[in-house]
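This one's a predicted model, so the numbers in the text were calculated from it and none came from an experiment. Hydrogens, waters and symmetry mates play no part in the numbers below; they use all other heavy atoms, side chains included. Each chain gets a letter, A, B and so on, in the order the sequences are listed, and its residues count up from 1.
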Protein chains: 2
Amino acid sequence: MKAKAKVTINDIAKAAGVSTTTVSRYINGKEELMSEQTRNRIKTVIELLDYHPSDIARSLRNQKSNMIGVLIADVSSPFSSAIIIGIERVLVSNGYTPLFLNCSENKQREEQYIRSLIFKKVDGLIVNTTSADNKFLISLACQGFPIVLCDRFVRDYNFNIVTNKDNEMIRSFVMHLKEQGFTRLAFFVQPWSDNSTRYRRRDAFLASVHEIYGYLPENDIYVIDVNDKDCVIAQLKKFLSSLSQDDIPAIIGTNSVSTMCVYKAITKLGLSMPDDIGLCGPDDWDWNNGMNWPEIVHTNITTATIYAKELGERAAKLLLERIAAPDELPSEILLPNPLVIRDSTLRIRNK
Amino acid sequence: MKAKAKVTINDIAKAAGVSTTTVSRYINGKEELMSEQTRNRIKTVIELLDYHPSDIARSLRNQKSNMIGVLIADVSSPFSSAIIIGIERVLVSNGYTPLFLNCSENKQREEQYIRSLIFKKVDGLIVNTTSADNKFLISLACQGFPIVLCDRFVRDYNFNIVTNKDNEMIRSFVMHLKEQGFTRLAFFVQPWSDNSTRYRRRDAFLASVHEIYGYLPENDIYVIDVNDKDCVIAQLKKFLSSLSQDDIPAIIGTNSVSTMCVYKAITKLGLSMPDDIGLCGPDDWDWNNGMNWPEIVHTNITTATIYAKELGERAAKLLLERIAAPDELPSEILLPNPLVIRDSTLRIRNK
DNA sequence: TTGTACGCGTTATCAT
DNA sequence: ATGATAACGCGTACAA
């Protein structure tokens with residue numbers, strides 16, 4: 001069986017006995033510019049022939065693709081799924097087609113993908129970037145290309161960006177742990193690579209502990225390889241062995257994955273929370289209708305909410321605004337991250 | 001700052017002192033059809049001016065977009081992430097652009113998205129469908145439009161499809177449970193909606209138990225709402241109360257999510273595995289470098305491997321084959337699902 | 001209110 | 001070995 005012949009604007013024009021111009025006007029909402037008779041005739045014919053304008057021809061003519069490139073640092077994180085859903089919702093409902101591409105935390109691939117997207121004449125870019133050190137993105141932005149960063153930032157340039165209040169989030173962890181009587185805090189983080197979020201949260205950790213506890217925990221930052229259980233256990237032991245007799249220790253994870261790994265290590269060593277050790281971290285796994293991991297591992301872990309879907313939505317909206325008004329100053333939108341306090345840090349039952 | 005003026009094939013032609021035709025030939029790999037001198041001149045100019053052909057103009061001219069629509073039933077499942085990665089890898093490395101769209105298990109949205117993709121002139125479709133009962137997809141396939149199903153099937157039509165050997169997988173669960181001395185099996189599944197996988201696995205459950213145990217467990221199929229813990233617990237209690245004095249019960253979940261929920265309910269009731277009850281299910285959460293859920297919940301649960309990434313890769317490859325050779329008969333590719341036996345079903349230590 | 005004619009960037013056809 | 005030309009489907013300046 002063959003595909004049915006495509007019907008074009010000319011077919012409509014002929015069938016309706018008008019010019020293509022008029023049909024074009026009709027399609028583009030200039031219906032006021034023609035008689036009611038003409039309008040109705042065109043309407044009828046379009047429905048009859050089931051005509052749909054060719055996006056491709058339109059793109060060529062208008063030099064505008066109505067496509068937005070969306071670069072995701074790592075789709076395999078459930079966090080990314082939520083962002084994707086938010087972005088898609090906004091873009092699609094505004095007539096844009098999102099082109100999602102997965103960079104697998106690979107900066108080269110990110111750049112390569114972006115180049116190909118630009119050849120495809122995307123109207124703008126939403127970037128959950130792989131790298132905070134990103135001259136390529138900066139040069140694009142300097143050329144006036146519409147870009148909005150999502151979640152992760154890039155150094156040395158004032159981008160449009162939607163992200164979390166990381167500082168406040170980490171500070172509220174530290175404050176909470178202090179209130180609960182923990183005396184010694186550690187920060188467990190995956191290797192830095194160029195992940196801006198990790199840097200920022202680490203810095204917030206240092207600053208907050210300094211402010212709230214009065215010391216600088218430079219030696220209490222532990223880098224872990226989440227694919228190597230033994231490494232995590234070793235780091236945990238190292239932290240434990242550095243404690244004084246009467247220290248009450250707690251750990252903050254950089255993200256869900258590291259927090260999870262630490263949780264596994266804690267369990268492995270037979271420690272119990274919050275008595276032997278406290279644990280908390282951001283909840284960037286906002287997936288599957290609230291069936292989130294703190295509930296899955298029936299041990300309740302204290303988390304900070306991350307509004308991943310909203311992150312995506314706001315980024316998409318911001319990009320559309322910038323496409324409409326390119327000369328506005330860059331916006332920085334910061335979403336809050338309220339704490340969800342659970343057993344893993346709750347030493348004092350009634351507050 | 002303004003975007004730099006776009007350089008077209010005509011610019012190249014002028015600068016190189018040849019016709020656009022010749023440049024076009026050069027671009028399209030017909031380099032043998034011209035003198036070496038010409039070839040070099042064109043090459044130089046293209047590099048100098050950093051020329052890149054316009055995909056849009058090409059699409060218009062060739063009536064071929066080099067884009068593939070990819071419909072994902074529910075991106076928020078980590079299983080989907082793995083499929084997406086596989087599909088992207090194959091499509092991109094073959095010069096195609098995937099258009100990923102999330103249907104949120106909504107059949108209407110699936111249809112609506114597909115229509116818009118077709119107006120966009122995508123060259124083909126990979127569909128992880130929301131619905132086994134899908135006349136729309138069938139009608140498209142009948143018109144000769146290139147479609148490959150991924151993971152989930154559609155009734156009443158012989159599609160190109162890549163999926164799992166569900167029958168064998170469920171059968172191997174049942175066989176294993178029999179070997180381990182369990183005497184009574186139940187199947188816990190989310191509401192059917194139109195999810196073909198669930199139907200198929202349920203049927204396989206009925207057939208396998210009938211074959212291996214010699215009875216038909218029609219009353220041992222429990223539908224659970226994974227967002228309602230109490231429901232899962234209630235269903236679990238119902239199953240337990242239906243047991244005879246000396247029954248040794250085990251549960252098979254339809255997928256990761258339902259298995260997980262059952263696990264939580266089992267824990268909640270203070271039961272222990274495998275002594276009080278056995279538990280196993282497919283592992284369709286193949287994400288994050290093997291940090292899969294059976295390990296996260298440190299209780300080890302027996303699973304069947306699902307090669308999600310491969311599912312995506314094979315589907316993409318199959319689609320490209322069908323685009324190249326539309327008249328081939330539909331292929332059905334079935335991937336195996338080896339068991340990973342863990343503590344949750346291991347009553348007999350040495351086999 | 002409606003229509004003519006051209007161009008967006010490419011490529012296929014037919015010539016030379 | 002190379003080129004002129006038309007056409008892909010649409011939108012718009014200009015004309016009537």
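- For E36(B), the salt bridge (charged side-chain N to carboxylate O under 4.0 Å, His left out) criterion is met by no residue, not counting sequence neighbours.
- Not a single side chain to side chain donor-acceptor pair (under 3.5 Å) links R41(B) to another residue, sequence neighbours left out.
- Of the side-chain N and O atoms in T8(A), none sit less than 4.0 angstrom from OP1 or OP2 of dG9(D).
- Computed from coordinates, the I12(B) CD1 to dG9(C) C1' distance equals 12 Å when rounded to whole Å.
- Residues from residues 54-65 of chain A that place a heavy atom under 4.0 Å from any atom of DNA chain D, listed by number: S54(A), A57(A), R58(A), R61(A), N62(A).
- If Y51(A) and T20(B) are placed on DNA chain D by their nearest nucleotide, the residue sitting closer to the 5' end is T20(B).
- Using a 4.0 Å cut-off, some side-chain N or O of T38(B) falls inside it from OP1 or OP2 of dT2(D).
- Pairing each heavy atom of R322(A) with each of P330(A), the nearest pair is NH2-C, 4.3 Å.
- N106(B) contributes no side-chain N or O that, together with a main-chain N or O of C103(B), makes up a donor-acceptor pair within less than 3.5 Å.
- One interatomic measurement links the two molecules: CG of N10(A) to C1' of dA6(D), which rounds to 15 Å at whole-angstrom precision.
- Comparing the helix axis at one end of the helix from dT1(C)-dA16(D) to dT16(C)-dA1(D) with that at the other, each defined from 5 consecutive pairs, gives an inter-axis angle of 40° (nearest 10°).
- Listed by first then second residue, pairs satisfying salt bridge (charged side-chain N to carboxylate O under 4.0 Å, His left out) with a partner in residues 82-103 of chain B read R89(B)-E313(B), not counting sequence neighbours.
- Between the side chain of T21(A) and the base of dT12(D) there is at least one donor-acceptor pair of N/O atoms closer than 3.5 Å.
- Rounded to whole angstrom, the span from the CG atom of N66(B) across to the P atom of dT11(C) amounts to 12 Å.
- The salt bridge (charged side-chain N to carboxylate O under 4.0 Å, His left out) check on R109(B) picks up nothing, with sequence neighbours excluded.
- Contacts classified as salt bridge (charged side-chain N to carboxylate O under 4.0 Å, His left out) and involving residues 55-70 of chain B (residues at least two apart or in different chains) are given here: K120(A)-D55(B), K64(B)-D123(B).
- Scored by the side chain to side chain donor-acceptor pair (under 3.5 Å) test, Y51(B) finds no partners at all (sequence neighbours excluded).
- Evaluation of the salt bridge (charged side-chain N to carboxylate O under 4.0 Å, His left out) test over residues 13-34 of chain B, restricted to residues two or more places apart or in two chains, returns none.
- In this structure, I9(A) atom CD1 and dT12(D) atom C1' are separated by 11 Å, rounded to whole Å.
- For S116(B), there are no side chain to side chain donor-acceptor pair (under 3.5 Å) partners at least two apart in sequence or on another chain.
- Contacts classified as ring-ring contact (aromatic ring centres under 6.0 Å, His included) and involving residues 115-134 of chain B (residues at least two apart or in different chains) are given here: H52(A)-F119(B).
- For DNA chain C, the residues of residues 22-37 of chain A within the heavy-atom distance limit of 4.0 Å (strictly under) are T22(A), R25(A), L33(A), M34(A), S35(A), sorted by number.
- Distance, I42(A) CD1 to dG3(C) C1': 12 Å, rounded to whole Å.
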